[in-house]
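Following: one structure in structure tokens, then a few remarks.
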Amino acid sequence: MACKICGGEVEMRKFTSDIDEKDFGKEIVLYGWVHEVRDLGGLVFVILRDREGFAQITLPKKAVDREMFRRARKVRRESVIRVKGVVKAEEKAPNGFEIIPSEFEILNEADAPLPLEVTEKVPAELDTRLDNRFMDLRKPRIQAIFRIRHVMLQSIREFFDRHGFIEVNTPKIVSTATEGGTELFPITYFEREAFLNQSPQLYKQTLMAAGFERVLEIGPIFRAEEHNTIRHLNEAVSIDIEVSFTDHEGVMSYLEELVRYIHEKVNERCGRYLEWIGAKVEIPDTPFTRLSYDEAVEIAKRKGEEINWGDDLSTSALKFIAEEMDGYYFIVDWPTESKPFYAMPHENDPEISKTFDLMNGWLEIASGAQRIHIHDLLVKRISEQGLNPDSFGFYLEAFRYGMPPHAGWGMGLDRLVMAALNLPNIREAVLFPRDRQRLVP
RNA sequence: GCCCGGGUGGUGUAGCCAGGCCUAACAUGCGGGCCUGUCGAGCCCGCGCCUCGGGUUCAAAUCCCGGCCCGGGCGCCA
């Protein structure tokens with residue numbers, strides 16, 4: 001709290017986590033919420049909770065102001081308070097210290113009853129929690145997810161900055177479908193119809209034609225699919241990269257090293273938050289296993305899945321495959337037909353493509369490819385996929401005047417958070433998730 | 001989109017299959033009281049609930065039909 005900008009009151013203001021032996025005997029100021037009040041009659045304990053943890057405010061009736069004692073005893077849970085007092089070493093107190101207040105100010109009294117229990121004495125259903133997300137997020141265990149997500153984003157930017165990537169922002173309001181395959185949300189754009197972007201794919205490729213060479217985008221993507229599962233959202237955050245003068249293997253290296261880096265940094269920087277969650281983050285070894293599509297189909301077949309070469313891998317097939325694959329792994333060399341038009345076919349066997357999915361168990365985390373950079377081949381593939389090349393005007397133009405060979409991938413951040421922390425539902429990884437039925441809050 | 005499951009105090013559960021003993025139970029909470037070392041505090045008193053509409057029946061939280069809302073699986077998709 002030495003920072004002048006963060007200051008406020010306020011060399012004296014501390015987070016609960018910043019209190020240590022050096023503060024014993026000194027006066028400090030805490031701001032926070034009333035987590036619990038334990039009233040023993042002649043002695044009252046108020047547990048103050050702030051962003052970083054808890055502190056026990058102890059009010060012995062005989063040692064503190066009478067009016068203040070009455071106020072603290074009656075304060076309702078989740079009210080916002082400001083406490084000024086002396087930090088006293090006390091063996092009997094949690095963490096070995098307590099605050100004996102000289103001032104106890106209720107900045108905003110909370111209503112009762114609460115829509116859910118922040119103390120988690122009684123569980124709440126996910127739906128109730130999401131309806132009252134602001135209060136759900138007060139739970140340390142829930143807030144920890146987002147502190148870790150923050151560190152993940154931080155380390156992603158760090159990683160790519162070190163590797164010479166340029167972070168960009170491409171439009172989320174677009175005129176037409178980019179990749180086909182998925183349903184789009186139509187919107188009104190003045191007198192025209194437009195759509196929310198399903199992926200930055202076409203734009204990041206266009207930036208390869210612009211000579212950016214290595215780009216990173218972190219942004220929302222929108223899919224209008226009516227799915228109803230623990231791993232799909234209609235608004236998600238995608239981590240996208242595109243790299244010139246490399247192939248699919250080149251960008252797979254970035255991907256696996258990134259995933260490892262993220263896990264390392266979360267371990268280094270999020271010890272306390274992992275503790276709150278009760279999670280351990282295993283740092284995955286690189287390189288990740290490459291399982292070919294052919295091998296994947298073999299495994300599924302052997303375990304009784306009805307699947308033909310060329311089919312997409314169904315959920316049950318992926319679950320069979322996951323039985324044999326631990327942690328993160330790639331499935332590579334997919335049939336060209338099952339991947340989007342921009343995926344580069346292998347020169348010696350055009351039936352398969354230079355494509356890969358990054359998996360964690362049976363959950364797909366990322367997918368990518370070397371891209372087609374040859375204009376005429378691209379037009380041919382667009383037509384073969386049943387799409388109209390005329391609707392790809394600005395995109396195709398970029399391939400006519402010097403498009404370098406390139407490759408890239410997109411990764412679902414929410415799914416990565418879900419996988420890394422072993423969350424039971426992707427909605428747990430998102431502050432305000434958007435799904436088939438939820439538009440509020 | 002197809003399929004399965006569910007909706008009981010503020011919250012989370014029990015009761016439903018085998019209708020009546022349910023003026024609905026338990027925990028937590030909330031209001032009041034007692035208590036100077038709590039940390040799931042304890043003890044005493046009190047408060048608060050059957051998703052909506054229709055039907056069957058002497059009788060419906062319970063059985064049937066429909067609506068609304070929700071969860072999940074699959075498909076599609078990342």
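Residue numbers start from 1 in every chain, and the chains themselves are labelled A, B, ... in the order their sequence lines are given, proteins ahead of strands. Only this structure's heavy atoms are used, side chains among them; waters, hydrogens and symmetry mates stay out.
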Next on the checklist: Please check if the number of heavy atoms outside A/Glu109 that lie under 6.0 Å from its CD is greater than 12.
Outcome noted: yes

Item to check | Ring-ring centroid check A/Phe222 A/Phe185, cutoff 6.0 Å | outcome: no

Item to check | Distance below 4.0 Å between A/Lys319 side-chain N/O and B/C74 OP1 or OP2 | outcome: yes

Checklist entry - Does a side-chain N or O from A/Arg415 land closer than 4.0 Å to OP1 or OP2 of B/A78, or not? => result no

Next on the checklist: Starting the side chain at C-beta, find the nucleotide from B/A78, B/G75, B/G12 nearest to A/His227.
Outcome noted: B/G75

Please set out all donor-acceptor pairs under 3.5 angstrom arising from side-chain atoms of residues 326-333 of chain A, sequence neighbours excluded.
{"unit_1": "A/Tyr328", "atom_1": "OH", "unit_2": "A/His263", "atom_2": "NE2", "d": "3.1"}
{"unit_1": "A/Tyr329", "atom_1": "OH", "unit_2": "A/Gly361", "atom_2": "O", "d": "2.8"}

Item to check | B/C47 and B/G9, which share atom name C1', separated by this distance in whole Å | outcome: 10 Å

Checklist entry - Salt bridge or not for A/Arg133 and A/Asp136, using N-O below 4.0 Å? => result yes

Item to check | Pairs satisfying ring-ring contact (aromatic ring centres under 6.0 Å, His included), at least one member in residues 79-98 of chain A, at least two apart | outcome: none

Item to check | Contact letters for nucleotides 29-40 of chain B, in which S counts primed atoms plus P, OP1 and OP2 and B counts the base, heavy atoms under 4.0 Å | outcome: SSSSS-BBBBBS

Checklist outcome for this item: A/Glu275 meets the salt bridge (charged side-chain N to carboxylate O under 4.0 Å, His left out) criterion, sequence neighbours left out, with none

Checklist entry - For B/G10, does either OP1 or OP2 sit under 4.0 Å from a side-chain N or O belonging to A/Asn132? => result no

Checklist entry - NA contact type, A/Asn425, heavy-atom cut-off 4.0 Å: base, sugar-phosphate, or nothing? => result sugar-phosphate

Next on the checklist: Among residues at least two apart in sequence or on other chains, which ones pass side-chain hydrogen bond (donor to acceptor under 3.5 Å, both in side chains) with A/Arg77?
Outcome noted: A/Glu117

Checklist entry - Which base, if any, makes a Watson-Crick or G-U wobble pair with B/C26, both distances under 3.5 Å? => result B/G12

Next on the checklist: Can you see if the side chain of A/Arg231 gets near the phosphate of B/C74 - specifically, an N or O under 4.0 Å from OP1 or OP2?
Outcome noted: yes

Checklist outcome for this item: Regarding the side chain of A/Glu125, the nearest nucleotide among B/A78, B/U13, B/G75 is B/U13

Checklist entry - Nearest-Å distance, CG (A/Leu313) to P (B/A78)? => result 13 Å

Next on the checklist: Rounded to whole Å, how long is the line connecting atom CZ of A/Phe222 with atom C1' of B/C77?
Outcome noted: 16 Å

Item to check | Euclidean distance for C1', B/A59 against B/U13 (whole angstrom) | outcome: 28 Å

Checklist outcome for this item: Expected string for nucleotides 2-7 of chain B under the B/S/- scheme (protein heavy atoms, under 4.0 Å, primed atoms plus P, OP1, OP2 as sugar-phosphate) is ------

Checklist entry - B/G72 C1' sits how many Å from A/Glu428 CD, rounded? => result 15 Å

